[in-house]
Amino acid sequence: MSILARASSVIDPLTAPVVTRIKGLAFEGALNLPAAAQRRLVGKPVTYDGQTLAVDTQIMLALMKVSGEPDPSTLPIPKGRVALSRQSQLGGGRQEIGSVRELWAAGLKARLYVPEGASGNAPLLVFLHGGGFIFGDLDSHDAPCRLLASESGVKVLSIDYRLAPEAPFPAAYDDSVAAFRWAVEHAAELGADPARIGVGGDSAGGNLAAGVALAVGEDCAFQLLIYPVTQSEAATKSREDLREGFYLTADFIAAATDNYLPAGIDRRDPRHAPLYAEIPATGIAPAYVATAGFDPLRDEGEAYAAKLEEAGVKVAHKRFADQIHGFLNVVGAGRTSRAAVLELAQVLRDNL
């Protein structure tokens, strides 16, 4: 049993935040070692499809394995939510931001991140968190929202939409569209320019962001889609090849899909599967699609970028070839994942 695992077994549950902090410090220390030292620790590089996994990401995956972190999909959903939130926060660190305000948007809990020096008529990103439609909340994505806002100069409004199985499809979609429309209607209250309001999200949140952009048309100025789910039917090559060992597993995907899309739901419904949606020739916001080389969702994200481009939408796509699904949350420790998120912040700055 590892030192961290032994610590977790003897510390009272009431002091669980202490365990999380200890693990966080261990992650930060290991992920900030010189690359040469990291390579000596983890051994041979991991390669796939002509890509090499970032060494700090490789060591993070090894640490998660030896520290006893469970696959959240193997736990009952309430415990899985706690586990995923803890894992998301392990690598987040403390990210400084001008101010943070809790509020309600379209009846949903929300959090507004305001960068230092932001004007009362600033651009705004409505952000939808990942977590497979069953996990995730405002806290799980607090660190990346802080970093995106502070480094881009764009205000970020993070939305706590309803989760499955308590609220299956199309609840999360409906909430996301309603929250975006609320933000446009309340732009003055948010100190935002109504002509510069975009939508973004990661994974399941990227799926919802794509759906919002299609639903609201010209009301959306920009869409930032970070390793989005774009379909739940096809077994793509990346879903098959990367089904285990790179954080997002086939079991997690199956659990998330089955809880969000219960029996009888058409898995090609365009509100869930934008890859099968009709894309209008005009009126859809420019998009930036970020994918990760070691992500099971890589192929469908890139297929959606191509679909948007074929429809005439202005699209930029980048594959972060050395990253895994979830790199957005590792902004406090991993050098390469933080660098990737800083690129996304620059994208926001340039497009909103």
Side-chain angles (χ1 to χ4, degrees), residues 24 27-28 31-32 54 56-57 60 88-102 110-130 136 138-159 183 187 190-193 195-203 205-206 209 220-228 285-292 316-352:
F27 271 59
E28 289 175 21
L31 269 63
N32 284 306
D56 56 348
T57 301
M60 179 183 72
S88 297
Q89 293 177 64
L90 278 176
R94 175 65 182 176
Q95 307 301 323
E96 297 300 326
I97 185 69
S99 66
V100 178
R101 177 161 64 97
E102 308 284 335
R111 188 174 291 167
L112 180 64
Y113 299 86
V114 180
E116 194 74 41
S119 72
N121 193 39
L124 174 74
L125 181 77
V126 177
F127 181 83
L128 303 162
H129 66 76
L138 299 179
D139 291 335
S140 67
H141 285 66
D142 181 70
C145 284
R146 285 169 175 264
L147 187 64
L148 286 173
S150 65
E151 293 296 323
S152 68
V154 173
K155 294 180 179 181
V156 174
L157 180 66
S158 184
I159 304 298
L190 298 169
D193 179 351
R196 292 190 293 164
I197 298 180
V199 69
D202 65 311
S203 192
C220 181
F222 180 65
Q223 48 181 320
L224 176 64
L225 311 180
I226 305 168
Y227 39 79
Y288 182 96
V289 182
T291 57
H317 163 252
K318 178 169 181 178
R319 178 193 292 180
F320 292 88
D322 62 353
Q323 294 299 302
I324 61 170
H325 192 91
F327 73 75
L328 182 71
N329 293 92
V330 191
V331 295
R335 286 185 297 269
T336 59
S337 51
R338 183 181 175 87
V341 179
L342 290 176
E343 281 196 42
L344 299 181
Q346 185 61 49
V347 167
L348 279 181
R349 179 181 290 276
D350 293 344
N351 288 275
L352 278 178

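One-based numbering along the sequence shown.
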If you round to the nearest 0.5 Å, how far is NE2 of His129 from OG of Ser158? 6.5 Å

Which value, rounded to the nearest 0.5 Å, describes the distance between Leu342 atom CG and Leu147 atom CG? 5.0 Å

With distance as the sole test, does Arg196 use its side chain to make a donor-acceptor pair with the main-chain N or O of Asn121 at under 3.5 Å? yes

Within the 3.5 Å criterion, strictly below it, is a donor on Thr291 or His317 matched to an acceptor on the partner's side chain? yes

Please report the closest heavy-atom contact between Val331 and Ala143, naming both atoms and the distance. CG2-CB, 3.9 Å

More than 12 heavy atoms of other groups within 6.0 Å of Glu116 CD: no

Report the C-alpha separation of Glu102 and Leu138 in whole Å, then their side-chain angles, then the decisive distance to 0.1 Å, and conclude whether the side-chain contact (heavy atoms from CB on, under 4.5 Å) test is met. CA-CA 10 Å; Glu102 308 284 335; Leu138 299 179; 4.2 Å; yes

Flag, side chain of Tyr288 to backbone of Leu344, donor-acceptor distance under 3.5 Å: no

Can you label the angle between the His141 ring and the Phe127 ring as parallel, tilted or perpendicular, going by 30° and 60°? tilted

Kindly indicate whether the side chain of Tyr113, heavy atoms from C-beta on, has any atom under 4.5 Å from the side chain of Leu148. no

For Leu124 and Leu190, work out which heavy atoms get closest and say how close. CD2-CD1, 3.9 Å

Derivation and outcome, side-chain contact (heavy atoms from CB on, under 4.5 Å), residues Arg101 and Val114: CA-CA 8 Å; Arg101 177 161 64 97; Val114 180; over 6 Å; no

Steps toward side-chain contact (heavy atoms from CB on, under 4.5 Å) verdict (Glu151, Gln95): CA-CA 10 Å; Glu151 293 296 323; Gln95 307 301 323; over 6 Å; no

For the residue pair Phe327 and Ala340, what are the closest heavy atoms and their distance? CE1-CB, 3.7 Å

Report the distance from atom CZ of Phe320 to atom CD of Glu343, rounding to the nearest 0.5 Å. 4.5 Å

Between Asp193 and Lys155, is the closest basic N to carboxylate O distance under 4.0 Å? no

Here the gap from Thr336 atom OG1 to Met60 atom CE, rounded to the nearest 0.5 Å, amounts to 8.5 Å

Heavy atoms only: give me the nearest Ser337-Asp56 pair and the separation to one decimal. N-OD2, 4.5 Å

Do Asn329 and Asp202 pass the side-chain contact (heavy atoms from CB on, under 4.5 Å) test, and can you show the C-alpha distance, the side-chain angles, and the key distance before you say yes or no? CA-CA 10 Å; Asn329 293 92; Asp202 65 311; 4.2 Å; yes

Taking atom CG of Leu224 and atom CG of Asn351, what is their separation to the nearest 0.5 Å? 9.0 Å

So, do Gln323 and Val330 sit near enough that their side-chain heavy atoms are less than 4.5 Å apart? no

How long is the gap from CG on Leu128 to OG on Ser203, to the nearest 0.5 Å? 12.0 Å

Of all the heavy-atom pairs spanning Leu348 and Val154, show the shortest one and how long it is. O-CG2, 4.0 Å

Closest heavy-atom pair, Thr57 versus Asp322, reported as atoms and distance to 0.1 Å, is OG1-O, 4.3 Å

